[in-house]
Amino acid sequence: MSQEMDKIYNPKESEEKIYQMWEGKGYFTPKIEKGKKPFGKDQGKPFTVLLPPPNANDPLHMGHALFVVEDILCRWHRMKSEPVLFLPGTDHAGIETQYVFEKRLKEQGKSRFDFDRDTLYRMINDFVEQNRGVAKIQMKKLGFGLDWTRERYTLEPAILETVFATFRKLHEDGLIYRNDGIVNYCTYCGTAFSELEVEHIEKDDFLYFLDYGAISIATTRPETIFADTAVAVNPKDKRYKNLIGKTAFMPITNKELLIIADDLVDMEFGAGALKITPAHDSADFEIGKKHELEPVKIIDTNGKMINVPEKYLGLYAKQARQAVLGDLKAAGKLTKTEPLRHSVGICYRCKNIIEPLAMPQWFIKIAPLAKPALEAVKKEKIKIIPKRFEKLYLQWMENIRDWNISRQIVWGPRIPAWYCLSCNPDIVVSFVSEKGEKVFGKYQDIKKQYDFAEIKKGLQSLTAPKDAVFFLDETPCEKCKSTDILQETDTFDTWFSSGQWPFTTLLASRGSNSKFKMQSSKLRNNLDYTTEDFEYFYPTSVLDTMWDILFFWVARMIMLCIYVTGKIPFEVAHMHCRVVDKKGQKMSKSRGNVINPIEMVDKYGADALRMALVFSSAPGSDVCLGEENFLAMRKFTNKIWNAARFVLSAAEQNGNHKLQTINYKLAPQTEADKQILKTLDETVKEITKDLENFYFHEAAQKIYHFFWHTFCDIYIEQAKKQIAEGDSRQKENTCQILLYVLRESMKLLHPFMPFITEQIYQMLPNKDAEALIIAPWPRV
RNA sequence: GCGCGAUUAGCUCAGUCGGUUAGAGCGUACGGUUCACAUCCGUAAGGCCGCAGGUUCGAUUCCUGCAUCGCGCACCA
């Protein structure tokens with residue numbers, strides 16, 4: 001045996017073969033024994049983990065490699081002979097993917113507006129399909145023990161059916177509404193966002209004081225004066241008390257504006273008087289609503305000026321600001337300019353400034369969903385680790401706001417709502433005509449020129465008024481029987497579907513209705529919520545992810561899963577650390593400090609990569625990684641390999657033929673014998689406890705230290721003497737202890753470094769299972 | 001503005017009920033081995049555990065304040 005072992009461990013040669021062996025033998029696919037209750041006596045409760053689905057269009061980055069935490073848990077539980085399901089999948093990642101794709105379009109000198117939505121959707125789909133397999137191969141390379149027979153994708157019909165059914169249920173429960181408020185719109189990404197996708201940054205700007213006739217106001221956005229519908233002061237403000245109800249005049253246009261009073265106005269700030277621009281500011285919108293002011297829109301979804309004096313028409317808001325300022329100055333209406341540092345909202349994706357726009361969006365009334373989700377964590381039905389994230393979660397949940405789930409992009413499941421054009425003639429459509437022109441306008445204005453079929457075929461988007469009547473089925477209009485109906489063009493926020501991942505995946509095993517099509521179809525009314533997988537594996541055991549998506553994903557999952565299934569989605573939410581570079585900086589392409597996990601696997605082996613990741617990473621913090629970390633762990637793999645090489649050759653030379661039994665009774669003879677067995681027992685105890693407590697880094701460090709310094713440096717050195725100097729009984733006994741400690745060490749190490757440990761285990765004469773992956777976890 | 005973290009060796013980080021001599025990886029210096037180990041082993045240097053108070057027999061650990069950095073939340077035009 002030892003003659004076959006090279007002096008150095010070569011991961012490349014063994015890793016792929018071993019993975020194929022595991023997968024081929026079905027170790028990743030748990031057995032559900034029919035007739036036995038999952039919690040029954042004969043079978044332990046299954047251990048279930050869902051892999052947070054990576055973006056389907058993207059290769060893995062170092063962050064994904066940290067899912068090794070889940071693999072460690074799964075492998076450990078599998079060795080404790082529990083049925084284990086570790087379920088893989090990928091996410092269509094709506095805005096992220098479309099953003100990447102649009103960049104490619106731009107490189108070709110094109111934009112999304114050159115295509116009708118069906119064509120664009122197909123193009124993105126093709127792009128994603130080309131890349132979708134990459135992540136799968138990579139996850140196998142990392143050694144993740146995933147059940148590939150249950151692989152899922154957020155856009156597969158069996159998943160979408162359930163997602164749409166949830167939407168229908170929400171609607172039936174009165175929890176879906178279309179708003180008429182201000183939404184966070186990114187004119188660069190071309191879509192509205194929920195408040196979570198808005199980041200706030202401090203920005204140095206100017207506060208401009210403008211002469212409004214009877215009163216002077218202060219604003220940072222002079223270009224929006226044309227959208228003013230009033231001027232507001234605080235009712236308690238003595239300076240302006242006598243002006244309330246009087247008239248102010250908008251500079252440049254001289255439009256009359258009523259001076260109103262509202263508590264929201266801060267007397268201390270600026271001039272203590274505020275111009276009210278309901279269509280382009282959320283606070284103004286609220287004030288406007290109270291005072292029944294009709295919003296005037298002057299910025300469109302491209303960020304360009306509309307409904308303004310001709311000279312500003314079509315300018316971007318930023319350009320318009322300079323132009324308007326110049327004219328205000330010339331007219332003597334700009335009385336003062338002060339520097340101002342304030343916070344502005346920017347798009348988390350493209351970092352451009354968010355434009356608050358008044359436009360209808362689909363919202364979920366979230367309070368009824370948040371309440372049980374809050375309780376679940378408060379009552380510790382769900383534990384969030386580390387604990388401090390629990391505080392964050394509770395804080396956010398207690399102040400949660402309704403969730404905008406509609407996005408004006410094509411890449412994603414289209415919201416299953418249909419409008420009758422005859423009943424909603426005010427619907428605005430934009431489409432590409434058969435001649436290839438881009439047409440935009442109210443349906444009632446353009447229907448004479450273009451017939452319905454042409455509009456439907458070239459449709460890019462539609463904007464329905466807030467109160468538009470819609471149906472949840474693609475059927476002729478219930479009212480007027482018209483067949484001129486169009487589906488909503490908004491798509492779901494990606495998190496709306498990934499927020500349902502724990503049950504959509506487990507329900508998907510029922511298959512899907514063959515008539516079901518992805519983009520437009522009826523919802524199935526009576527979905528089967530009783531699949532074997534769902535009954536057996538739900539709720540799942542542990543969810544592990546990075547803390548940056550605690551609200552985006554974890555919180556939404558808890559809410560949606562409890563709402564739909566009545567049960568919590570997982571018992572533990574574990575937040576793993578963030579991978580940063582050697583200097584503590586976030587890894588990003590633009591910084592050029594990205595370490596590709598697959599390159600590291602090729603260079604140092606998957607085991608070294610995995611061990612390096614968990615070795616120095618406390619949960620919820622940052623782990624700084626440089627190549628030296630992987631190098632250090634490759635040295636460790638080599639150490640393991642050579643220790644095994646020594647033990648096996650020593651055993652062989654000292655009566656291997658006698659060592660075939662696994663039941664050899666260990667009889668420690670020397671002090672060293674006693675010590676190593678005692679320390680092994682202690683290590684087993686500690687590591688088991690660490691794993692129970694999610695102290696992965698502690699466990700990793702302990703097994704590292706035990707193997708290298710206690711076993712190799714001390715015991716093996718001692719064993720050499722015992723073999724050289726002892727009698728035949730001691731020789732044999734020493735070899736037995738060496739083999740035993742090696743075997744148990746391989747077990748302890750296996751969750752962390754699965755490949756090399758399995759490889760060595762297969763060579764052992766004292767195996768106690770056909771493969772290490774299913775060998776019994778050491779007990780004390 | 002409110003809240004949450006962090007501050008420990010030259011660097012990057014651990015340190016789970018308060019308890020003897022505060023640890024690891026990498027780096028540095030010296031010695032050894034080359035018949036398990038593209039290496040490995042041994043030894044060493046290096047720490048006011050951010051600062052100031054408090055509780056305690058005893059504080060890196062618990063409490064208060066401060067400083068610096070990071071993050072989350074927040075409609076100040």
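Naming convention: chains lettered A, B, ... in sequence-line order (proteins, then strands); numbering from 1 in each chain. What you see is a predicted model; the values in this text were computed from it and never measured.
Taking the ring centre of A/W403 as origin, the terminal cationic atom of A/R556 falls inside the region bounded by 6.0 Å and 45° from the ring axis. Annotation: cation-pi geometry not satisfied between A/K639 and A/Y704 (NZ/CZ under 6.0 angstrom from ring centroid, within 45° of ring axis).
To the nearest angstrom, P of B/rC37 lies 16 Å from CD1 of A/I640. Rounded to a whole Å, the OH atom of A/Y715 is 19 Å from the C1' atom of B/rC37. B/rG72 atom C1' lies 12 Å from atom CH2 of A/W396, rounded to whole Å. At whole-Å resolution of the value, CD1 in A/I287 and P in B/rC75 are 14 Å apart. The CD1 atom of A/I353 sits 12 Å away from the P atom of B/rA77 (whole-angstrom rounding). The separation between A/E652 atom CD and B/rC35 atom P is 19 Å, rounded to whole Å. Put simply, CZ on A/F285 is 19 Å from P on B/rA77, counting in whole angstrom units. One atom, NE2 of A/H200, and another, P of B/rA74, lie 6 Å apart when rounded to the nearest Å.
Nucleic acid contact for A/K275: none, since no nucleic acid atom lies under 4.0 Å from a heavy atom of the residue. Residue A/F389 is classed as having no contact, given no heavy-atom separation below 4.0 Å to the nucleic acid. Contacts of A/N638 with the nucleic acid, taken as non-hydrogen atoms under 4.0 Å apart, involve only primed sugar atoms and P, OP1 or OP2. Using a 4.0 Å heavy-atom criterion, one finds that A/Y9 contacts no nucleic acid atom at all. Using a 4.0 Å heavy-atom distance criterion, A/D266 is classed as a base contact. Across all strands, A/E717 comes closer than 4.0 Å to base atoms (heavy-atom distances). When heavy atoms are screened at a 4.0 angstrom cut-off, A/A218 is found touching base atoms of the nucleic acid.
Positionally, the nearest nucleotide of RNA chain B for A/K391 lies more toward the 5' end than for the other of A/K391 and A/W708. Residues A/G270 and A/L625 both approach RNA chain B. Their nearest nucleotides, taken by heavy-atom distance, put A/L625 toward the 5′ side.
A sub-4.0 Å separation between OP1 or OP2 of B/rC4 and a side-chain N or O of A/K387 is absent. Within the structure, every side-chain polar atom (N or O) of A/R401 is placed at least 4.0 Å from both OP1 and OP2 of B/rC73.
The base of B/rA24 lies outside donor-acceptor range of the side chain of A/E698, with no N or O pair under 3.5 Å. In this model, no side-chain donor or acceptor of A/K7 finds a partner on the base of B/rA38 within 3.5 Å.
Proximity of A/F226 to A/V324: side-chain heavy atoms (C-beta onward) are separated by under 4.5 Å at one or more points. Side-chain contact check for A/L739 versus A/P765: some heavy-atom pair is nearer than 4.5 Å.
Side-chain atoms of A/T679 and A/Y715 include no donor-acceptor pair closer than 3.5 Å.
Look at A/K289 and A/E294 and you find no salt bridge, because none of the NZ, NE, NH1 or NH2 atoms lies under 4.0 Å from a carboxylate O.
Annotated as syn: B/rC17, whose glycosidic dihedral is within 90° of 0.
For A/S343, counting side-chain heavy atoms from C-beta on, the closest listed nucleotide (B/rG72, B/rC26, B/rC76) is B/rC76. Of the candidate nucleotides B/rA77, B/rG5, B/rA74, B/rA77 has the atom nearest to the side chain of A/V265.
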